[in-house]
Amino acid sequence: MRLMKLIASHTSPYARKVRVVLAEKQIACDLVEENVWSPASTVPRHNPLNKIPTLILDDGTSLFDSSVITEYLDTLGGPPLIPGAGLERAHVRCDESLADGICDAALTIVLERKREAMRQDPTWMDRQRGKIDAGIEGLAKQLGDRPWLNGKTMTLADLAAGCALFYVAFRLPEIDWRSKHPNLAGYAAKLDARPSFAGTRPPA
Ligand SMILES: N[C@@H](CCC(=O)N[C@@H](CS)C(=O)NCC(=O)O)C(=O)O
């Protein structure tokens, strides 16, 4: 059987979420690094949206959007990360969406800051900053003093939340969520110590 291939980068928080899930579930997968911003990107051959992560399956077909990929990986064995059905499942998926939404807003600011100063839109960036602050606050409230976002068991929600929090810390270090939300600081330290997170840190 040919190995699956994950087209990813070392800095994408969405790709990191997929890599963390692969590591947690000990699923073998080749990592192919691609720069989607380069005209030479081969990603459009597998994903018309030219976005990473994109998973190439062993039959040559592909899956994209990190939440679709993680849902598929969860069916391949290893410890289940998404509850099987009902509201429990919906809550985990909703938390994943919240975490991804924090990444979307952070990435929007990162991309806006790459434009010439004159073309940057402060109102647009403030709007995104509001989503990041409120999203992180939402995670902190939900976590409360519980070990994991959905109670006693670690789920995909926690892995997605970790990727979002670490992405904000990496790209927008002025957002000091650790001081503002000490419960998230302890939670993040616990996630960071897991081999799945330790092995997928973005380059310094
Ligand atoms: N919702 C998508 C977001 C993926 C995404 O936006 N990836 C970024 C890299 S961090 C990308 O490939 N951007 C290229 C582009 O938007 O053209 C997911 O969860 O996979």
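Each ligand, and each atom within it, is numbered from 1 in the order the structure gives. Positions are given from 1, in the same order as the sequence printed here.
- Side-chain contact between T70 and L81 is absent, with no heavy atoms from C-beta onward closer than 4.5 Å.
- Given atom 20 (O) of ligand 1, the protein heavy atom at minimum distance is S66 N, 2.8 Å.
- Checked against S66 for a side chain to side chain contact (heavy atoms under 4.5 Å, CB included), the options C103, P13, P53, S12 give a single hit: P53.
- Annotation: side chain of M4 is in contact with side chain of L73 (closest heavy-atom distance under 4.5 Å).
- Close contacts of ligand 1 with P53, meaning ligand atoms under 4.0 Å from a residue heavy atom, involve 20 (O).
- Among protein heavy atoms, atom 16 (O) of ligand 1 sits closest to K51 CE, 3.6 Å.
- Protein heavy atom nearest atom 12 (O) of ligand 1, with residue, atom name and distance: I52 N, 2.9 Å.
- Considering only heavy atoms from C-beta on, N35 stays 4.5 Å or farther from S9 through its side chain.
- The two atoms that bring A157 and L149 nearest to each other are O-CD1, 3.7 Å, heavy atoms only.
- The protein heavy atom nearest to atom 10 (S) of ligand 1 is S12 OG, 3.3 Å.
- Under 4.0 Å from ligand 1, the heavy atoms of N50 that appear belong solely to its backbone.
- In this structure, atom 15 (C) of ligand 1 lies nearest to the protein heavy atom W37 CH2, 3.5 Å.
- Legend: residues meeting ring pair (Phe, Tyr, Trp, His ring centres under 6.0 Å) with F197, ordered by chain and number and at least two apart, are F166.
- Between T108 and M125, every side-chain heavy-atom pair lies at or beyond the 4.5 Å cut-off.
- Near V36, meaning under 4.0 Å from any of its heavy atoms, are these atoms of ligand 1: 12 (O), 14 (C).
- Annotation: atom 1 (N) of ligand 1 to nearest protein heavy atom, D65 OD2, 3.0 Å.
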